[in-house]
Amino acid sequence: MKYLDEFADPVLAGRLIEQIKARATRQWTLMEVCGGQTHSIIRNGIDILLRGAVEFIHGPGCPVCVTPLEMIDRSLEIAARPEVIFCSFGDMLRVPGSGRDLFQVKAAGGDVRVVYSPLDAVRIAAENPGREVVFFGVGFETTAPANAMAVVAARQRGLRNFSMLVSHVRVPPAITAVMESPRCRVEGFLAAGHVCTVMGTDEYGPLVERFGVPIVVTGFEPLDLLEGVRQTVELLEAGTPALRNAYPRAVSAAGNPAAQHVLADVFEVCDRKWRGIGDIPASGWRLADAWADLDASRRFAVDDLVVEESPDCRAGDVLQGHLKPSQCPAFGTLCTPRTPLGATMVSSEGACAAYYAFRRLEVPASA
């Protein structure tokens, strides 16, 4: 495939691996922020090829994984109501709530529909004026602009039966939380390239200065990741933490101003709970007051649900890099893609799902 295969060239990948190994005087611990990067690293065996030079630990950058249990239970409560058509991307349907998931609500008669764009939910609302249509808006800076546009489109079309259950989160506060943990082992970050296509790179500079760790914006193909690792190791070996952009074909310092404008109009920054991690200040977005009438959480009064997480799930430790998925006692036994305890096992970007798909037959390392 043109413009994609060239970023998986095995000869060039081999050269980058040799350069990284030659430069590393010891093993460095790097965190890839995004779950998409995790899957690419594990699928392509990059972590194995770089053993001794780099240890990868996996960050909280999976939007499905970090959606708080409270919000999952709110979605289940709303979706079960007979007057509601509940619309969601497909990867949210198997995420376990306190006692069930959206698939089970659908099986019990709930009108739960998979959509491929938030604008599909707006169209469904227009086609069903007698029903309440709710879209589950989750994700990082990558998906938030499109969801914001859906809210704008619904108002422009005068749809009073459309609302959104909003659970958006932001990357920089999550990096701050990881670095402030007393258990943090991260020495450098591979920042998520798609997030930076929207927000640019400027907001990462203060994090480099505050914590003294290099941050290199990185893509998702093997050569993208290896080049990001090469630059990060170069900065670590030189003792000069800095912000670098190893994904210039997609990312600029300023990002996408049009997307940032609609985010600033529709959303406002708020504190947000992350599943398995807890509250992170200023880490989320909610609908701004001017758009609050489209907030499904308010419309259906589901803010006060009591939730209960599985005591056997250690997804929070996985999301903060404290634990490799295969080190979890429940991995592959109590917790599998068919019987997940947490979202990291069922999300297409979840670290536990990556290990289960590509590494579950390996002997687990000790915790």
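Here the structure is a predicted model, which means the values were calculated and not measured. Note that these values count all heavy atoms, side chains included, but never hydrogens, waters or copies made by symmetry.
Between Pro281 and Asp271, the shortest heavy-atom distance links the atoms CA-OD1, 3.4 Å. Minimum interatomic distance between Ala246 and Gln231 (heavy atoms only, all atoms of both residues): CB-NE2, 3.7 Å. Taking every heavy atom of both residues into account, Gly139 and Thr143 meet most closely at CA-OG1, 3.4 Å. Scanning all heavy atoms of the two residues, the minimum distance from Gly97 to Asp73 falls at CA-OD1, 3.4 Å. Considering every non-hydrogen atom in both Pro214 and Leu235, the closest pair reads CB-CD1, 3.7 Å.
Hydrophobic cluster membership differs between Phe162 and Ile78, with clusters built from Ile, Leu, Val, Met, Phe, Trp and Tyr side chains linked at under 4.5 angstrom. Taking hydrophobic clusters as Ile, Leu, Val, Met, Phe, Trp and Tyr residues chained together by side-chain heavy-atom distances below 4.5 Å, Leu207 does not share a cluster with Trp28.
Between the side chain of Asp9 and the backbone N or O of Val11, at least one donor-acceptor pair lies under 3.5 Å. With Thr218 contributing its side chain and Val216 its backbone, the two residues share a donor-acceptor pair below 3.5 Å. Using modelled atom types, one side-chain atom of Lys21 and one backbone atom of Leu49 make a donor-acceptor pair closer than 3.5 Å. Side chain of Arg210 to backbone of Thr176: no donor-acceptor contact under 3.5 angstrom is found. With Thr67 contributing its side chain and Pro63 its backbone, the two residues share a donor-acceptor pair below 3.5 Å.
Under the salt bridge (charged side-chain N to carboxylate O under 4.0 Å, His left out) criterion, the residue pairs touching residues 154-179 are Arg155-Asp293, with sequence neighbours excluded. Listed by first and then second residue, the ring-ring contact (aromatic ring centres under 6.0 Å, His included) pairs that reach into residues 56-101 are His58-Tyr355, Phe86-Phe136, Phe89-Phe135, sequence neighbours excluded. Here side-chain hydrogen bond (donor to acceptor under 3.5 Å, both in side chains) pairs that include residues 120-141, with residues two or more places apart or in two chains, are Asp111-Arg131, Arg123-Glu127, Glu132-Arg299.
Taking the charged nitrogens against the carboxylate oxygens, Glu227 and Arg230 do have a contact shorter than 4.0 Å, which makes a salt bridge. Electrostatic pairing of Asp224 and Arg249 counts as a salt bridge here, judged by a charged N lying under 4.0 Å from a carboxylate O.
When only modelled atom types and interatomic distance are considered, Glu349 and Thr38 share no side-chain donor-acceptor pair under 3.5 Å.
Within the 4.5 Å cutoff, no side-chain heavy atoms of Ser98 are placed close to those of Glu70. With a 4.5 Å cut-off on side-chain heavy atoms, Val134 and Ile85 do not count as touching. Looking only at side-chain heavy atoms (C-beta outward), Val105 and Arg100 come within less than 4.5 Å of each other. With a 4.5 Å cut-off on side-chain heavy atoms, Asp303 and Arg74 count as touching. Counting heavy atoms from C-beta outward, Phe300 and Glu77 have side chains that stay 4.5 Å or more apart.
Checked against side chain to side chain contact (heavy atoms under 4.5 Å, CB included), Asp295 has the following partners two or more places apart in sequence or in another chain: Leu287, Ser297, Arg298.
Atom CD of Glu180 is surrounded by more than 12 heavy atoms from other residues, nucleotides or ligands within 6.0 Å.
The aromatic rings of Phe267 and Trp285 lie parallel to each other, with less than 30° between the two planes, well short of the 60° mark.
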Show me the donor-acceptor pairs within less than 3.5 Å that the side chains of residues 186-196 make with the rest of the protein, sequence neighbours left out.
{"unit_1": "Glu187", "atom_1": "OE1", "unit_2": "Thr29", "atom_2": "N", "d": "2.7"}
{"unit_1": "Glu187", "atom_1": "OE2", "unit_2": "Arg26", "atom_2": "NH1", "d": "3.3"}
{"unit_1": "Glu187", "atom_1": "OE2", "unit_2": "Arg26", "atom_2": "NH2", "d": "2.5"}

Do any side-chain atoms of residues 250-265 form donor-acceptor pairs under 3.5 angstrom with protein atoms, and if so which ones, sequence neighbours left out?
{"unit_1": "Ser252", "atom_1": "OG", "unit_2": "Gly255", "atom_2": "N", "d": "3.1"}
{"unit_1": "Asn256", "atom_1": "OD1", "unit_2": "Ala258", "atom_2": "N", "d": "3.1"}
{"unit_1": "Asn256", "atom_1": "OD1", "unit_2": "Ala259", "atom_2": "N", "d": "3.1"}
{"unit_1": "Gln260", "atom_1": "NE2", "unit_2": "Val198", "atom_2": "O", "d": "2.7"}
{"unit_1": "Gln260", "atom_1": "NE2", "unit_2": "Ala254", "atom_2": "O", "d": "2.8"}

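Of the residues listed (Ile57, Leu236, Ile41, Leu50), the one engaging Leu30 in a side-chain contact (heavy atoms from CB on, under 4.5 Å) is Leu236, and it is the only one.
In this structure, His168 has its ring center no closer than 6.0 Å to that of Phe140.
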Exercise for the section: Could you walk me through whether Arg51 and Glu55 pass the salt bridge (charged side-chain N to carboxylate O under 4.0 Å, His left out) test, one step at a time? Expected result: CA-CA 7 Å; Arg51 274 178 184 166; Glu55 179 193 3; over 6 Å; no
